[in-house]
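Here is the structure we will look at, set down as structure tokens.
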Amino acid sequence: MALHPGGANGEPPLKKHKPSPSPSHGPGAASADPATIQRQRQALPVYRLQARLTRELTSRPTLILIGETGSGKTTQVPQFCHQAGLTKTGLVGVTQPRRVAAMSLAQRVADEMACTVGQKVGYSVRFEDCTSTQTKIKYMTDGMLLREAISDHLLRRYSTIILDEAHERTVHTDVLFGIVKKVQKIRRAKNLPELKIVVMSATMDVDHFSRYFGGAPVVYLQGRQFPVQVYYAKQPQEDPVFSSLVSVTQLHQTAPANQDVLVFLTGQEEIESMVKNLRDVGKDLPGCPRLKVVPLYASLPVQQQMEVFRETPPGQRKVIVSTNVAETSVTLPNIKFVVDSGMVKARHHQPGTGLEMLRVQKISQAQAWQRTGRAGRQSAGACYRVYTRAEFDAMSRDTVPEIQRCSLASVTLQLLTIGVKDVRNFDFLDRPDAGAIDGALRELQLLGAVTSAEQPELTPLGRRMASFPLDPKFARAILASKDHGCTEEVVTIIALLSADIILLTPPSNREAALAARQKFVAPEGDMMTLLNVFRGYRKVQKNKEWCRENYLHERHLAHAAEIRRQLLQLCAQAQLTVGSSGQNTEPVRRSLAAGLFPCAAQLTRDGHHVTVGTNQKVHIHPSSTLFMTRPACVIFTELVQTSKKYMRGVCLVDPDWLLDAAPEYFRTHRLHVES
DNA sequence: GAGCACTGC
């Protein structure tokens, strides 16, 4: 999300930094008064444990640190490592699940070490490497370290890897658990300098981590969290959204002004309706503080996102109605009360069918506690759970890690590239379904990235595919575009597909949006339409006003442009000549088909479509430019299950191209070619 | 004739 709040540890807001060649101790190098900074450091709970931590860090290969919010572990432990001499043999790398956190933490620690970001302390995130030869401590996104492992299997640049926010269990962190464990063992066997591993987590499930890392010692760090009183519903509630509304209303009538409320709901629609209801209710309550209700979700325009940080005027009350962005990604100030609906919208992936689903489900106990904690950041607070104690007890204790819920094609290809030969028996902290790994290997085999699904050996093609930070299907399409002389077009389309939604259709201006879209619409479908949008965007030199007039998401277009730039750079590195086919879309669609053939569908006699690989009845999504048309054969980027199974990102192709792309595959799968 | 939790390379 584009917000720049303080991160999970109360860091200052993000600033843009470039490495500076000036000496680190020059005047004005740090952005705050050094004495204040040192006072703040010494007040952190973790500071008192420096001696013990230093002892453990130097004497043990692996350490688990459990720290509550506000313990200061994320900023201090890397510095302790540095002071203990661990940076003499290599970098201390600290991973974060989010870019903003990596960048702002580097800034904070650079201030503490009285240097400029990019010198002793740096960061590395996608599109931005702010490190230098002087760098000793490097904050980075977990995905970035995983990318580095592709070119440096043994992580030789690092003496220490700190995996922070381990409890969040992102796919990247989960894979890194296995990688660092393996690297530590290999380096030991080869008599190379030892790799220190530090896992930092807020989890209660300590044994799980410790057991996985061979009984590694655990150090507990106290936090600076205020107590939060938890209240449960007396009876199970039929409609958690309505019950949340009632809870907020009651709170509002009893609690003093300037005690702000945070409500957790599942999605945009629900949030907007709750915001409207609360505003209505707020008007009709005499004698209550004035109510300021603000929504918060990731797709909200930045300007409106910033509303949540604005200080509540005296005598008023702010109610923030949010998705789970407020659980981890955004730290909100001054929250006294949390109202927890107990529900969340989560993505699920069905390995056999390639189906993606967004499902509203109950949260885990871990999530419930995370939400609760949001009320105790600045003072004691209260959390109102809109479910009973019994319902809470029945919730699963931990959130199912992402690696067990997503497609593994990309991860599997990465593991193979890093040198993990037997992916099925990779040492996962929590093993994904065997079926999911098999499905990923089958897909990689179809794409020509591995020799066989049973005994997978990476092919040269697979190695080239892995150099792109993309779903293997997309990487395959880019590599195929070389033969068709249209890499420029394919890269552009894939960059646009990798970004978030570009075409906006606000319900209030639906007609105008659709009318504005007409000039971009291509008869071949969504991918070509997006290409036209991007060409227009470039023609007006990325003009923001133009984006607004045409109902295009400017921020997402800019992001797509950045991805495009990176992909073109990678093409150059892979000696892929970037040709263009101009107005001819056939070579482009042929290339796309060469990667996306596992996602193809054909028209049946009764007017709907059937997927070629898995024989499912599917429909063209109403947001597609091909909706209401009946193309004989299409490829698509995503299959979404809602009221029906919908194809999104649809592109008209010729069945012959699919046959060309994967003759073997289509010999065993139904494909009708009209003659 | 629908509906967009959230990150990330």
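As a basis for the values below, the full set of heavy atoms in this structure was taken, side chains included, without hydrogen atoms, waters or symmetry mates. This one's a predicted model, so the numbers in the text were calculated from it and none came from an experiment. The chains referred to below are lettered A, B, ... by the order of the sequence lines, with proteins before strands, and numbering in each begins at 1.
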query: Which nucleotide in the set B:dG8, B:dT7, B:dA2 lies at the smallest distance from any side-chain heavy atom of A:R99?
result: B:dG8
- prompt: Do any side-chain nitrogens or oxygens of A:T642 fall under 4.0 Å of OP1 or OP2 in B:dG3?
  reply: yes
query: Would you say a side-chain N or O of A:T170 is under 4.0 Å from OP1 or OP2 of B:dG8?
result: no
- prompt: How many Å lie between CD on A:Q641 and P on B:dG3, as a whole number?
  reply: 10 Å
- request: State which residue, out of A:R99, A:E128, A:K138, fulfils the side-chain hydrogen bond (donor to acceptor under 3.5 Å, both in side chains) condition with A:Y123.
  value: A:E128
message: Taking any heavy-atom pair under 4.0 Å as a contact, classify A:S623: base, sugar-phosphate, or nothing.
response: base
message: Need one value for A:V171: base, sugar-phosphate or nothing, where a base atom within 4.0 Å counts as base even if backbone is also close, heavy atoms only.
response: nothing
- prompt: Roughly, in whole Å, what's the span from OH in A:Y297 to P in B:dC6?
  reply: 10 Å
message: Heavy-atom count check: over 12 atoms from other residues, nucleotides or ligands less than 6.0 Å from A:E269 CD?
response: no
statement: Side-chain contact check for A:T323: nearest option of B:dG8, B:dA5, B:dG1 is B:dA5
Set of side-chain hydrogen bond (donor to acceptor under 3.5 Å, both in side chains) partners for A:E638, sequence neighbours left out: A:R347, A:R648
task: Looking at every strand, decide which applies to A:R359 at a 4.0 Å heavy-atom threshold: base, sugar-phosphate, or nothing.
output: nothing
message: Rounding to an integer number of Å, can you tell me how far A:I363 CD1 sits from B:dC6 C1'?
response: 15 Å
- request: Select from A:S124 and A:Y646 the residue whose nearest nucleotide in DNA chain B is closer to the 5' end of that strand.
  value: A:Y646
- request: Would you please name every residue forming a side-chain hydrogen bond (donor to acceptor under 3.5 Å, both in side chains) with A:T611, sequence neighbours left out?
  value: A:T614
task: Would you mind classifying the nucleic acid contact of A:S643 as base, sugar-phosphate or nothing, using non-hydrogen atoms under 4.0 angstrom?
output: sugar-phosphate
message: Nearest whole Å is fine: how far is B:dT7 C1' from A:Q96 CD?
response: 13 Å
message: If you take any heavy atom closer than 4.0 Å to DNA chain B, which residues from residues 142-150 of chain A end up in contact?
response: A:G143, A:M144, A:R147
task: Figure out the CD/C1' separation between A:E269 and B:dA2, and round it to whole Å.
output: 10 Å
message: Check this one for me: any side-chain N or O of A:T141 less than 4.0 Å away from OP1 or OP2 of B:dC9?
response: yes
- prompt: Glycosidic conformation of B:dC4, syn or anti, with 90° from 0 as the boundary?
  reply: syn
Counting only pairs under 3.5 Å, give me each side-chain donor-acceptor contact of residues 495-509 of chain A, with atom names and distances, residues two or more places apart or in other chains.
unit_1: A:S498; atom_1: OG; unit_2: A:I494; atom_2: O; d: 2.6
unit_1: A:T505; atom_1: OG1; unit_2: A:R517; atom_2: NH2; d: 3.1

field: Whole-Å distance separating the CZ atom of A:R405 from the C1' atom of B:dG8
entry: 14 Å
message: By the 4.0 Å heavy-atom rule, please label A:F627 as base, sugar-phosphate, or nothing.
response: base
- request: With sequence neighbours excluded, tell me which residues meet ring pair (Phe, Tyr, Trp, His ring centres under 6.0 Å) with A:Y384.
  value: A:Y231
message: If you take any heavy atom closer than 4.0 Å to DNA chain B, which residues from residues 339-349 of chain A end up in contact?
response: A:K345, A:R347
message: What is the distance, to the nearest angstrom, from the NZ atom on A:K362 to the C1' atom on B:dA5?
response: 18 Å
- line: For A:H553, the ring pair (Phe, Tyr, Trp, His ring centres under 6.0 Å) test, sequence neighbours excluded, returns A:H556
task: Check the side chains of A:R359 and A:H348 for a donor-acceptor pair under 3.5 angstrom, ignoring hydrogens and angles.
output: yes
- prompt: CG of A:D500 versus P of B:dC9: gap in Å, rounded?
  reply: 13 Å
N/O donor-acceptor pairs under 3.5 Å from side chains in residues 468-477 of chain A, not counting sequence neighbours:
unit_1: A:D471; atom_1: OD1; unit_2: A:K473; atom_2: N; d: 2.9
unit_1: A:K473; atom_1: NZ; unit_2: A:E443; atom_2: OE2; d: 3.1
unit_1: A:R476; atom_1: NE; unit_2: A:L447; atom_2: O; d: 3.2

Let me have the donor-acceptor pairs involving side chains of residues 563-571 of chain A, under 3.5 Å, with sequence neighbours excluded, atom names and distances please.
unit_1: A:R564; atom_1: NE; unit_2: A:T492; atom_2: OG1; d: 2.9
unit_1: A:R564; atom_1: NH2; unit_2: A:E488; atom_2: OE2; d: 2.6
unit_1: A:Q566; atom_1: OE1; unit_2: A:R126; atom_2: NE; d: 2.8
unit_1: A:Q566; atom_1: OE1; unit_2: A:R126; atom_2: NH2; d: 2.8

